Amino acid sequence: MDESKPGRNLPIDNPLMLIDGELVESESKRRFVSINPANEEELGTVPEGSAKDVERAYEAAAAAQPEWAALSPAQRGATLRKLADALHAQRERILVTEVMDTGNTIAKMRGDVGAAVSQLTYFSGLGYELKGDTIPATPGNLHLTVREPYGVVGRIIPFNHPIMFAAAKLGPALMAGNTVIEKPSEQSPLSASILAEICAEVLPPGVVNIITGFGKEAGDAIVRHPKIKRIAFIGSVPTGMAIQRSAAEVAVKNLTLELGGKNPMIVFPDADMEKAVPAAIAGMNFAWQGQSCGSTSRLFLHADIHDSFLGDLAARVSAMRVGDPLDEDSDMGPINNKGQFEKVLHYIEIGKEDGGRLVAGGKRPQGKQFEKGYWIEPTVFADMTPDMRLAKEEVFGPVLSVFKWDDLDEVLAVANSVEYGLTGAIWTRDISTAIATARRLQSGYIWINGVGAHYPAMSFGGFRNSGTGREEGIDEMLSYTEEKAIHIMM
Ligand code: NAD
């Protein structure tokens with residue numbers, strides 16, 4: 001990699017954790033390495049948070065919570081806007097750190113930093129929606145409900161959108177009057193340490209605590225903490241299920257789980273092909289190396305347009321520019337980490353063995369710059385059938401599976417046959433067909449003649465094993481409250 005280009009040096013010197021307003025090492029003094037996936041070189045080290053650190057964070061968060069909750073919604077909102085402004089002011093530093101730590105392309109990652117700021121701002125204005133109801137349960141008396149914060153909440157985050165998940169989603173928890181302990185992924189922990197610096201400056205001590213570390217220790221300590229009743233998890237289905245089990249061993253907890261997807265995009269013969277072909281590429285999130293939960297990784301093409309669509313798609317995917325994620329012109333960077341890289345290669349082999357027809361990619365790109373690092377070409381398999389593993393299991397990599405269909409009942413049965421139900425896309429010019437199909441698709445977030453985008457105030461979340469709970473809209477903030485009924489007898 002060319003060291004002379006700007007932005008090559010990691011813009012954070014000594015990443016630390018945040019406990020009780022202080023930037024700290026782990027009590028064990030242990031640190032772990034974060035690797036640059038573009039060249040496998042060490043980027044930096046971060047503290048390896050332990051169960052003892054989580055306990056300290058809990059004590060700080062519990063001590064800070066009553067005062068934080070006692071602020072008016074307007075005061076909490078003003079503080080969140082300060083946090084958003086401080087993030088915005090440091091956006092370039094965060095962006096370069098994110099790109100180097102995740103491998104996600106800079107052009108796309110810029111949107112994540114922006115989304116963190118805009119979601120915090122959105123939630124900062126929602127405080128007066130923390131309202132209850134009055135209910136005419138009996139004549140003459142007054143029956144009402146109020147919403148109260150849980151207290152200390154735990155948040156556990158995956159590797160793919162680190163700053164967006166770490167920063168934006170503080171908004172609803174804090175706005176509802178909670179204090180937070182947050183753990184980023186061990187695979188991309190660096191931007192959370194910049195967030196820690198910003199929170200140390202902007203927030204009262206203890207309101208947000210950030211513990212870098214591994215799932216098995218720091219994550220597990222959050223999940224099993226007997227006094228942390230509300231936990232928000234974003235990550236894979238197996239970890240989500242493990243967290244449900246662990247949590248249930250210690251207490252009755254409220255968990256929201258935002259998990260994986262194997263999302264369908266169904267193209268009808270009357271779709272606008274000029275838009276639908278690029279949409280299939282955008283929806284697959286090749287620009288994130290396929291590492292986005294909402295990726296439409298199963299593409300169902302009607303038989304009438306299958307061959308021409310597939311030919312165009314394969315040509316465009318083969319022409320994508322894989323390269324340095326810090327280069328504004330790169331369409332796709334490296335896979336985030338070694339384990340994920342090996343998983344993707346394994347699924348490509350499975351796809352071939354099961355009889356999928358490789359029409360684009362399928363291997364490490366050629367060239368000196370790709371000899372080191374977790375590089376894989378954007379990959380498309382055609383002739384997929386529902387029984388194949390690649391057709392139903394989440395790869396979380398740049399591998400698109402294409403199916404041919406000609407019967408709507410059948411394609412919907414296949415689309416709904418996997419364990420997931422996160423997103424879906426429908427492409428047709430016929431509005432009745434579009435709406436009827438959307439109603440039959442068992443997914444939580446559906447685009448008609450669109451893909452990928454998330455929209456302000458629209459709740460996002462999955463059916464079936466894709467999760468439980470909704471985020472990004474007002475429901476997310478309300479999910480950080482408990483409802484209390486009060487009866488006033490006249
Ligand atoms: P992962 O499940 O491996 O890890 C996620 C987080 O959980 C990490 O911080 C990890 O340290 C922690 N963790 C691991 N084991 C734990 C345990 N036993 N107790 C507590 N914490 C533990 O997920 P990943 O590989 O980082 O992310 C990829 C997955 O996330 C994909 O399945 C993807 O679809 C999903 N995802 C879902 C959404 C959504 O909104 N639905 C968004 C992004 C990613």
Side-chain angles (χ1 to χ4, degrees), residues 32 34 46 48-49 51 54 101-102 104 112 115 119 154-166 168-169 181-189 192 210-225 228 231-250 253 255-263 285 288-297 335-344 347 393-397 418-423 443-445 452 454 458-473 476:
F32 65 96
S34 191
V46 294
E48 185 182 326
V54 170
D101 206 16
T102 61
N104 296 333
D112 264 29
Q119 284 191 40
R155 303 205 67 259
I156 300 175
I157 292 165
F159 70 73
N160 59 333
H161 297 282
I163 193 67
M164 188 173 78
F165 290 149
K169 290 164 188 297
I181 303 175
E182 188 155 81
K183 191 198 87 62
S185 166
E186 56 271 41
Q187 304 295 351
S188 325
I210 296 177
I211 305 287
T212 46
F214 292 92
K216 288 257 149 52
E217 181 160 8
D220 189 60
I222 294 172
V223 170
R224 289 180 188 270
H225 197 291
I228 302 179
I231 291 166
F233 173 73
I234 309 178
S236 63
V237 170
T239 310
M241 290 168 77
I243 283 176
Q244 280 187 316
R245 280 193 296 273
S246 309
E249 282 175 15
V250 288
K253 300 204 178 204
L255 268 69
T256 46
L257 303 170
E258 293 285 346
L259 309 177
K262 187 79 182 178
N263 309 299
N285 287 312
W288 299 96
Q289 300 75 249
Q291 299 164 144
S292 218
C293 53
S295 307
T296 39
S297 53
I335 304 292
N336 177 277
N337 60 75
K338 190 163 188 268
Q340 193 61 31
F341 175 69
E342 286 167 356
K343 181 178 167 196
V344 177
Y347 268 105
E393 295 174 16
E394 184 189 46
V395 179
F396 213 55
V418 296
E419 70 167 308
Y420 304 100
L422 191 55
T423 72
S443 305
Y445 206 83
H454 289 219
M458 291 294 293
S459 290
F460 183 85
F463 282 30
R464 292 185 286 182
N465 277 359
S466 287
T468 167
R470 294 291 178 268
E471 295 194 343
E472 301 178 27
E476 184 175 3

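What you see is a predicted model, and the numbers here were worked out from it, not measured in a lab. Note that the numbering runs from 1 along the sequence shown for the chain. For ligands, and for the atoms within them, numbers begin at 1 and follow the listed sequence.
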Location of contacts on [X] toward ligand 1, heavy atoms closer than 4.0 Å:
{"X": "L259", "answer": "backbone"}
{"X": "I157", "answer": "backbone"}
{"X": "P158", "answer": "both"}
{"X": "S246", "answer": "neither"}
{"X": "H161", "answer": "neither"}

Could you find the nearest protein heavy atom to [atom] and give me its residue, atom name and distance?
{"atom": "atom 10 (C) of ligand 1", "value": "E186 OE1, 3.5 Å"}
{"atom": "atom 34 (O) of ligand 1", "value": "E394 OE2, 2.6 Å"}
{"atom": "atom 16 (C) of ligand 1", "value": "T239 CG2, 3.5 Å"}
{"atom": "atom 33 (C) of ligand 1", "value": "F396 CE1, 3.2 Å"}
{"atom": "atom 17 (C) of ligand 1", "value": "G215 O, 3.7 Å"}
{"atom": "atom 24 (P) of ligand 1", "value": "F159 CD2, 3.7 Å"}
{"atom": "atom 20 (C) of ligand 1", "value": "G219 C, 3.3 Å"}
{"atom": "atom 23 (O) of ligand 1", "value": "S236 N, 3.5 Å"}

So, does [X] use its side chain to make a donor-acceptor pair with the main chain of [Y] at under 3.5 Å?
{"X": "R470", "Y": "T256", "answer": "no"}
{"X": "S466", "Y": "G260", "answer": "yes"}
{"X": "K262", "Y": "S297", "answer": "no"}
{"X": "E249", "Y": "S246", "answer": "no"}
{"X": "S185", "Y": "Q187", "answer": "yes"}
{"X": "N285", "Y": "G452", "answer": "no"}

Would you call the rings of F396 and F159 parallel, tilted or perpendicular if under 30° counts as parallel and over 60° as perpendicular?
->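 Rings of F396 and F159: perpendicular, as their planes differ by over 60°.
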
Numbering as shown, the atoms of ligand 1 that approach [X] to under 4.0 Å (heavy-atom distance):
{"X": "I156", "answer": "6 (C), 7 (O), 9 (O), 12 (C), 20 (C), 21 (N)"}
{"X": "P184", "answer": "9 (O)"}
{"X": "S185", "answer": "9 (O)"}
{"X": "F460", "answer": "40 (O)"}
{"X": "D220", "answer": "19 (N), 20 (C)"}
{"X": "F165", "answer": "42 (C), 43 (C)"}
{"X": "G235", "answer": "2 (O), 23 (O), 29 (C), 30 (O), 32 (O), 35 (C), 36 (N), 37 (C)"}
{"X": "L422", "answer": "41 (N)"}

For atom 42 (C) of ligand 1, the option (of C293, A218, G467, G469) bearing the nearest heavy atom |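 The residue whose heavy atom sits nearest atom 42 (C) of ligand 1 is C293.
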
Quick one: which of F233, Y445, Y420 has a heavy atom closest to atom 5 (C) of ligand 1?
->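 The residue whose heavy atom sits nearest atom 5 (C) of ligand 1 is F233.
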
Which atom pair, heavy atoms only, marks the closest approach of I243 to V223?
->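 Minimum heavy-atom contact is O-CG1, 3.7 Å.
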
Do you know which two heavy atoms are closest between G473 and S459, and how far apart they sit?
->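 Of all heavy-atom pairs spanning G473 and S459, the closest is CA-OG, 3.9 Å.
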
Distance (rounded to the nearest 0.5 Å) between I231 CD1 and H225 NE2 =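 I231 atom CD1 to H225 atom NE2 measures 10.5 Å (nearest 0.5 Å).
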
Go through the steps to decide whether K169 and E471 satisfy the test salt bridge (charged side-chain N to carboxylate O under 4.0 Å, His left out), and finish with yes or no.
-> CA-CA 8 Å; K169 290 164 188 297; E471 295 194 343; 2.8 Å; yes

Show your reasoning for whether side-chain hydrogen bond (donor to acceptor under 3.5 Å, both in side chains) applies to S295 and S292.
-> CA-CA 6 Å; S295 307; S292 218; 5.1 Å; no

Report the C-alpha distance between S34 and D101 in whole Å, list the side-chain angles of each, state the deciding distance to 0.1 Å, and finish with yes or no for side-chain hydrogen bond (donor to acceptor under 3.5 Å, both in side chains).
-> CA-CA 7 Å; S34 191; D101 206 16; 2.5 Å; yes

Heavy atom of P238, distance to ligand 1 below 4.0 Å |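 Contact check P238 vs ligand 1: negative.
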
Does the separation of the ring centres of F214 and F32 fall below 6.0 angstrom?
->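 Yes; F32 has its ring centre under 6.0 Å from that of F214.
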
